[in-house]
Amino acid sequence: MKLMENTAIAKFFWDISKLLEMKDENRFRIRSYQKAAQTVESYPEDIEDIYRTKGIKGLEEIPGIGESLSRKIEEIIKRGKPLIMKELYTKTPPGLLEMTDIRGIGPKFALQAYKNLNISSVDQLEKAARSGKLKTLEGVKDKKIGNIIKGIDLYRKKSSSFYLGKVLPFAEAIVNDLERSKLAGRLLICGSLRRMKETIGDIDILAASPSPKKLTDYFVNLKQVKDVIAKGNTKTSVLLKNGMNCDLRVVDGRSFGSAAHYFTGSKQHNIKLRTIAGKRGLKLNEYGVFSGNKKIAGKTEEEVFKAFKLPYIPPEIREDTGELEAAAKNKLPDLVKISDIRGDLHVHSNYTDGSTTIEEMALSAKKLGYEYIAITDHSASTRVAGGLSIKELLNQMKEIDKINKKIKGIRILKGSEVDIRPDGSLDFPDEILKQLDIVIISVHSNFNMDEAAMTKRIIKALENKYSTILAHPTGRLLSSRDPYRVDIEKIIKAAARTGTALELNAHPERLDLNDVHCKLAKQNGVMIAINTDSHAPVHLEYMRYGIGTAGRGWIEKKDVLNCLWLKMLLRGLNGRR
DNA sequence: GCCGTTTTCGGCCCGACTGTTTTCAGTCG
């Protein structure tokens, strides 16, 4: 039974870093905690597992985690929290940490408000701001108070449902609007969006423009903009009507590459590369790579990497999780591209809960250049989706034969999304399953089983020799449902052992497997199927979110089931049975 | 607090913007 998730351990480190900042501690000690928090948060393996199997020594192998932080992780796992927290909280109540979640308020201000006015919660802060009491603090005047009130407003409304699939189209619309102004030579979405992270904090847009002032004026007057937070010569920050922040950075075209690199991040990646720069007597910033006062690179990102004798590193993997080391050894993965995808293996029709006919879905897939598509409607037990009976499934198979004869240029594979029953058996008997090309297995009921039971249930289903792909392996929905409790490492190992593929469901609400699990699956030699789970033709375009997530998981073309040509795919599927 | 092609001490990425100041600390990314 898992007690402490990586994110929970990371939260302690974030909190400690803020509390140390209030104490005016050595800023490098503070940064150590921040770095550790970031590392732990995105670490591909379970930190608690590492501790349980390899102990303190195992923890110390994690970059940025030394002896002291390893001990603290041990305390967190053993006692629920690190001892240092107790000591830190004697001087600063927990409410101060919450206050620092408000934009523009950091540890220093929170502490000042607490020491002078005994403010230790967001509510008290708001009262003091509105009553004018805050003005008695040194260095606080009307403007600052206005900003604090705005920040609290935003904090209260803060929606956490900013997901890649929602934000990317929205950001692209802003870029289109900026393009129409004809004031920018080049425009590029950067930040976590460009790195295709599943959740997005804010939108970062980079522009090259000969008239920065005109462009920023145009930007702050866009219809999507609600409020201007900061507006300078090169950097403008606004609050959008949807509650997100959007930053526009304008540079000279000659610095576009280095600015794109800087603005894309991740922060940890940038820090690492800048450290490497320092060691080589170079300096890297958003304006270029400099040797003394001489600029030696900056026009393109390729040029920037080349200045460090490195190949181009794709944005998706710029997370300081080994990409710079891999690049130095010329061992970067050749990430899967959308043009590598030969077909979509998880598609619904109006036989169950899809919106349209098999033929229409197939023709839409053909337009995308696919060679095949698998129709995988639900099985009988998934009643909410109008699951098919055996008889209905057999009828559907006959219709697919007919359509395959009728339309050319795309092959429709016969499939089913077969429910995994609570006992791990499948919803259709083997003599039916063996007539299908693709058997997708998935959990749609009894989400609340304990971890051991759920893991056993899924592994049993993986062991059925007709199972092709385990769909959305953790069942999470980004805006509404946590993953069910399952030991994903055991699932991955079982998939490797049985030769079953795991799905990376590209639906924007799912992205399941996630990036970290993809990387783990690859390390275990498991094939990934990147599918859209389309219920309408337009959903087929969700593929790009799956490709982005796969890229973050270092997935290559050779790791992806539906990058295989039809002939090879069918040969592989039959080989398993 | 971490780390080592500067290796057990002495470094630790770099810059923009704000609000308040007259030179800068705090915050952010």
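For A:F109 and B:dA25, the CZ to P distance is 18 Å, given to the nearest whole Å. If you take CZ of A:R280 and P of B:dT6, they are 11 Å apart, rounded to a whole angstrom. Summarising the geometry, the separation between NZ on A:K18 and C1' on B:dG1 is reported as 19 Å, rounded to the nearest angstrom. Atom C1' of nucleotide B:dT20 and atom CD1 of A:I145 are separated by 13 Å, given to the nearest angstrom.
One finds no salt bridge joining A:K54 and A:D49 here, because no Lys/Arg side-chain nitrogen approaches an Asp/Glu carboxylate oxygen to under 4.0 Å. The residues A:R180 and A:D177 are annotated as salt-bridged, a charged nitrogen and a carboxylate oxygen being separated by less than 4.0 angstrom.
Of all nucleotides listed (B:dT20, B:dT27, B:dA16), B:dT27 comes nearest to the side chain of A:K108. In this structure, of B:dG15, B:dT20, B:dG29, it is B:dG15 that holds the atom nearest to the side chain of A:N285. In this structure, of B:dG15, B:dC12, B:dC14, it is B:dG15 that holds the atom nearest to the side chain of A:Y287. For A:K283, the listed nucleotide lying nearest its side chain is B:dC14; candidates were B:dC14, B:dA16, B:dT21. For A:S32, the side-chain atoms get nearest to B:dC2 when compared with the rest of B:dT21, B:dA16, B:dC2.
Note on A:I102: only backbone sugar-phosphate atoms sit closer than 4.0 angstrom, heavy atoms only; bases stay farther off. Contact annotation for A:L284: backbone-only contact, meaning every heavy-atom pair under 4.0 Å involves sugar-phosphate atoms and none involves a base.
A sub-4.0 Å separation between OP1 or OP2 of B:dG19 and a side-chain N or O of A:N147 is present. Not one side-chain nitrogen or oxygen of A:K279 sits closer than 4.0 Å to the OP1 or OP2 atom of B:dC12. At least one side-chain nitrogen or oxygen of A:K141 sits closer than 4.0 Å to the OP1 or OP2 atom of B:dT21. Between B:dC17 and A:T234, a contact under 4.0 Å exists linking OP1 or OP2 to a side-chain N or O.
Nucleotide B:dT8 forms a pair with no other nucleotide shown, judged by Watson-Crick or G-U wobble geometry with both contacts under 3.5 Å.
Residue order along DNA chain B, read from the 5' end via each residue's closest nucleotide, puts A:T275 first among A:D142 and A:T275.
Residues A:C190 and A:L206 approach most closely at SG-CB, 3.9 Å, considering heavy atoms.
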